[in-house]
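All values derive from a computational prediction rather than experimental measurement. By convention in this document, chain letters (A, B, ...) are assigned in the order of the sequence lines, proteins followed by strands, and residues within each chain are numbered from 1.
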Number of protein chains: 2
Amino acid sequence: MKRDSRLSGVLHVLLHMAQQPGPFTSETLAKAVDTNPVVIRRIMAGLRDLGYVRSEKGHGGGWTLACDLSKVTLRDVYVALGSPALLAMGNRTEAPGCLVEKAVNAALGKAFDDAEALLLARLGEVTLAMLSEDLGRRLGSRKQQGISAHHR
Amino acid sequence: MKRDSRLSGVLHVLLHMAQQPGPFTSETLAKAVDTNPVVIRRIMAGLRDLGYVRSEKGHGGGWTLACDLSKVTLRDVYVALGSPALLAMGNRTEAPGCLVEKAVNAALGKAFDDAEALLLARLGEVTLAMLSEDLGRRLGSRKQQGISAHHR
DNA sequence: CCATCATGTAACATACAAAGTTACATGAAA
DNA sequence: TTTCATGTAACTTTGTATGTTACATGATGG
C-alpha cells in the first residue's frame, strides 16, 4: 500500500516556517521539501481554514504562521489534513451480517482501535513548539540559517 | 489509501474452517468470503508455508487446518501474510540529510513505532482458539451449522 | 490602469498496491 | 485418462496519494 506522507510533509513545511519570519511562497516551500507548489497549497489548505497559518496573494504574499506553536499539537495538524486513515489494514466489511465476520471484526477492531487511539494520543502530546525546539538543538551552533542551508 | 483486508479475510477463512472438519476447496472458501478462489490461494500460501494449514490436490482435496489453534495468534497469521505495512502514514523520506526532516521523522517515527508495537502486541494476545470460542458464543444455540448458513 | 506576482482550484496524468480475473501447468484420485 | 483441485504467472480493475498543467482570482507596484 502506498504510504501517505502528507503529515510528514506539512510538518516539514511548518518547521521551516518556524525558523524564519516569512512570508514564504508555495514555490519556496515546495523546493524545500522537493515537491510541487500545488501540493503545498493542497496540504496547507486545511491549516489555513483552521487559522493555523495565513495566506496572502500578490506581491510579497505567501504563507505565514498564525498560531501559538506551543498550543498546536501534531494531532491538530493531522486533523487539519482531514484526519486521513491511520492504519493500512481494516476489516473486510463494516457492519457484516455474517457472524464469522462479526467475530473477526470484533477481535481485529479492538486491536485496531487501541493502536489508533495510542497513535492519536502520542501525536497529541507533541506541540509544534517542542518540535521546533528539538530542531533548534539539532541545528546546534548553526543557528539562524536559511532554508537552503537546511536542505541538501 | 486503499485498505488492506487480507488479515481480516484470512481470519474469516480460518474461522470457517474451524467450524467444520474439512477439507475445503478454494472455491468453497471463496464463496464464503465473497471473493475469488485465486485470492484464497494467495492469502493461504504463507500459512501453508508455515505449516498452519495444509493443501491437497485432486479429488477430495482442498485446505485443512494443520495447527493447534490455541498456539497460533493473530500476529502469527499476520506474519504469515508477509508482515504487510500496518500504518497508512509514514515519513516522507527515511534517512534524510535535511535536519528539519530528521526532527520531523524523530517525532513522528516514535509515535508510529509505539502504535505499531501496540498493535502487534494486541494481535499477539489473541489466539485462533479464542477467536473460535468467541464465534461459538455468537452462534449460541445454532451450533454445528455449515458455512452456507453462516453467510447471508 | 495594467503588468506582475501569488494563491485557489479544477482537471488530468502518474505511480503504486490490493483485489479480481484469466489461463494454464502440475499432480492426485476415481 | 478424465476429472478435480491446487500453484502460479500475467493481466485487469480499482482506489488513493502525488505530480502537473491550466486558468481564475485577487493584491501590489509601477
With distance as the sole test, does A/N105 use its side chain to make a donor-acceptor pair with the main-chain N or O of A/T93 at under 3.5 Å?
yes
Protein-nucleotide distance (A/L87, atom CG; C/dA18, atom P), rounded to Å
15 Å
Quickly work out the B/W63 CH2 to D/dG7 C1' distance and round it to whole Å.
9 Å
So, is A/S5 near the phosphate of D/dT18, with a side-chain N or O under 4.0 Å from OP1 or OP2?
yes
Using atom CG of A/N36 as one end and atom P of C/dT14 as the other, report the distance to the nearest whole Å.
15 Å
For B/R54 and D/dG7, give me the distance from atom CZ to atom P, rounded to whole Å.
13 Å
Look at A/R137 together with A/D134 and state whether they make a salt bridge at an N to O cut-off of under 4.0 Å.
yes
Between CD1 of B/I43 and C1' of C/dA18 the distance, given in whole Å, is 12 Å
Name the one of A/Q19, A/Q20, A/H12 that satisfies side-chain hydrogen bond (donor to acceptor under 3.5 Å, both in side chains) with A/H16?
A/H12
N/O (side chain, B/R41) to phosphate O (OP1/OP2, D/dG7) under 4.0 Å:
no
I need the CG-P distance between A/D4 and C/dC16, as an integer number of Å.
16 Å
Between atom CZ in A/R42 and atom P in D/dT18, what is the gap in whole Å?
9 Å
Grab the NZ-C1' distance between A/K57 and D/dT28 for me, whole Å please.
13 Å
For C/dA18, does either OP1 or OP2 sit under 4.0 Å from a side-chain N or O belonging to B/R6?
yes
Ignoring hydrogens, what is the shortest heavy-atom contact between A/T73 and A/L123? Give both atom names and the distance.
CB-O, 3.7 Å
Of B/V38 and A/H59, the one whose nearest nucleotide on DNA chain D sits closer to the 5' end is B/V38
How is B/R48 classified with respect to the nucleic acid when contacts are heavy atoms under 4.0 Å: base, sugar-phosphate, or nothing?
sugar-phosphate
N or O in side chain of B/S26 less than 4.0 angstrom from D/dT6 OP1/OP2:
yes
Looking at C/dG8, I'd like to know if its phosphate oxygens (OP1 or OP2) sit under 4.0 Å from a side-chain N or O belonging to A/S55.
yes
Looking across every strand, which nucleic acid part, if any, lies under 4.0 Å from B/G62 by heavy atom: base, sugar-phosphate, or nothing?
sugar-phosphate
Give a yes or no on whether the backbone of B/P84 and the side-chain of B/Y78 come within a donor-acceptor separation of less than 3.5 Å.
yes
